[in-house]
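The structure under discussion appears below in the form of structure tokens.
Note that the structure is a prediction, hence the values are computed from the model and not measured. Residues take their numbers from the sequence shown, with the count starting at 1.
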Amino acid sequence: MGALVGDWRDDAREVAAARQDSIAACLGKARGGAKADSPSRMWPVCPEGVVVMRIKLAQKFGLLVTGVIGLALLTSVVAVWSSRQLGKELQATLEQNLPSIQAAAELEISLLEQRGLVKAFILDNGNRSWLAELREPKQNFVYWLNQARTNANSDRERRILDRLEQAFGEYDGKREHVIASYDAGETDRAKELLLRDVTNEFRECFSMCEEFIEANKQFIERRAAESREQMRWVMGIGAGCVICATCLGGATFWLLVAGVLLPLRRMSAHAREFTGQSVGAGDELAAIGVHLRTLMSDVSDTRSSLEQSRHRLVNAERLAVVGKLAASVAHEIRNPLTAIKMWLFSLHRDLNGDPQTDRKFTLISEEISRLENIVRNLLDFARPPRLKLTPEPLVRLIASTLEFLGPRLDQKQIALVWQPPPDLPPALADPEQFRQVLLNLLVNAQEATPVGGRISVSTGMESDARGGAMIVVRISDTGPGIADEVRTRIFEPFYSTKDDGTGLGLCIAARIMADHGGRLLLESSNESGTTFAVWVPAAGEGRTA
């Protein structure tokens, strides 16, 4: 065992040294070739022999990239600010002019609604209903006139509204004069005033409404012109930023070509010479990438080999210790334990003591049995017995095992759920070894299940990855489950979460099932319970012991 461990260590050291020599030779050749081609543009070597990048080149790239990013941020800030300003301008324009425009339109509409009503009054032989219809448009005109004065945006609009108010007063007064003349029987005089004075006053009021609307349009156009000017200013800033960013991008490209790509091409040529790999003409980055991946693969393989060697060493040392311990236990512990147990039985029989003494003898006997079980597990792990595979009916094996554990289950009031299938074929198994696997799983389930819990056993036929017929025995409990950090290690030798456990039960069970050509799996485990599955080949299909 010591010679084998030493050979593995020597092999690992030789592999690591070879990989390090390969990496050092490649880097040295690339560094040397670069210095021979262009000492002013390649990376210098510090006194300790470490390849470093020129600080000046890094500063140039940093400044150029910072400038491009700064201009991009400036452009974005200006764009966002201008968008917000334009939005505010549009909102302000709408808030200031929309009520004024609406008032101007309503003024014109209410004025038009009044036209012709006095004329209809005269032509309809003084029907007063026409004068009643005049009252509402007149009130609307006065209302919208006040609204227009409230929302006026300039002194010009206010002066127009003052003139309009004065003209409408004269217009309304002359209409009243026409109505009074008609009521006095001066029909011709009323018609003359209507056609001459009232019509002229109406036209003057209407023209003032049009002038007020035009004033609103001019105000909106003026605000639009201011917004367009602001947009031109913003576009000028954006164009300047784009031009500056383009210049900086060109400088970055030149620096990239002169300071990186050309030296990289020379390094790629040396890499191709060293590795003998060609990835196509002109593809320097791919060549460097292939070479670096080769180096990283070598390093990864070396680390993996070292890690595997370390695990093999640990397992080999552990197995060597177990082998020695098992041999020593077989000669130094097992025989004295048997003698102690026999003398204890003889003393117990001769003393015929009281119940308290019987209890003490029982406790000592149980501890001796536990020691014997530990010794047996160690021996089974170190020197597994040869399997005697025969076609065995699993239903009978499971039934006898459950019957053996019945008192322990009854003591904890654990319900046992098992329905033997009538058509289960026999399995190709060693009955004693398979029974040991079942006992180990059922005892673990019984210890994990709380008082009043349930253990379920089920059997069925399934196929393995190669299509072979397998009998699967599933054992489920209602315990608290297995912690995540424990699941990956439950089949490791000497790993146990029990204070008095050896950590060999599941390890031995898994190895027994592997020797059978089957497997032992942890199918599920959560707060509702745990399920183990035992896969064993079914007898038949050309399988023999």
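In this view, Arg487 and Asp484 satisfy the salt bridge (Lys or Arg N to Asp or Glu O under 4.0 Å) rule, not counting sequence neighbours. In this view, Phe491 and Leu506, Ala510, Leu520, Phe532 satisfy the side chain to side chain contact (heavy atoms under 4.5 Å, CB included) rule, not counting sequence neighbours. With sequence neighbours excluded, no residue forms a salt bridge (Lys or Arg N to Asp or Glu O under 4.0 Å) with Glu432.
Here the closest heavy-atom approach between residue Ile482 and residue Ile490 is recorded as CG2-CG2, 4.4 Å. When all heavy atoms are compared, the tightest approach of Val472 to Ala533 is CG1-CB, 4.1 Å. What you find for Gly518 and Pro537 is that their closest heavy atoms are N-CD, 4.2 Å.
The list of salt bridge (charged side-chain N to carboxylate O under 4.0 Å, His left out) pairs with a residue in residues 440-459, not counting sequence neighbours, reads Glu447-Lys498. Pairs passing the salt bridge (charged side-chain N to carboxylate O under 4.0 Å, His left out) check and including a residue from residues 394-410, sequence neighbours excluded, read Glu392-Arg396. Sorted pairs that involve residues 412-431 and meet salt bridge (charged side-chain N to carboxylate O under 4.0 Å, His left out), not counting sequence neighbours, are lacking altogether.
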Step-by-step side-chain contact (heavy atoms from CB on, under 4.5 Å) determination, Val534 to Met513: CA-CA 8 Å; Val534 182; Met513 295 316 303; 3.5 Å; yes

Where do Trp535 and Ile471 land on the side-chain contact (heavy atoms from CB on, under 4.5 Å) test, with the steps shown first? CA-CA 6 Å; Trp535 292 60; Ile471 300 176; over 6 Å; no

So Arg519 and Val536, side-chain contact (heavy atoms from CB on, under 4.5 Å) or not? Walk me through it. CA-CA 7 Å; Arg519 51 183 174 166; Val536 60; over 6 Å; no

Between Ser476 and Ser456, is the side chain to side chain donor-acceptor pair (under 3.5 Å) condition met? List the steps. CA-CA 5 Å; Ser476 304; Ser456 302; 5.8 Å; no

Thr530/Leu522 under side-chain contact (heavy atoms from CB on, under 4.5 Å): CA gap, chis, key distance, verdict: CA-CA 8 Å; Thr530 301; Leu522 172 62; 3.4 Å; yes

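Here the CG-OG1 distance, from Leu438 to Thr401, works out to 5.0 Å after rounding to the nearest 0.5 Å. Within the model, atoms CD1 of Ile475 and CG of Leu441 stand 4.5 Å from one another, a figure rounded to the nearest 0.5 Å.
Ser463 has its side chain out of reach of Met470: every pair of non-hydrogen atoms, C-beta onward, lies at least 4.5 Å apart. Under the 4.5 Å side-chain criterion, counting only non-hydrogen atoms from C-beta, Val457 is in contact with Ile398. For the pair Pro425 and Met461, the minimum side-chain heavy-atom distance is below 4.5 Å.
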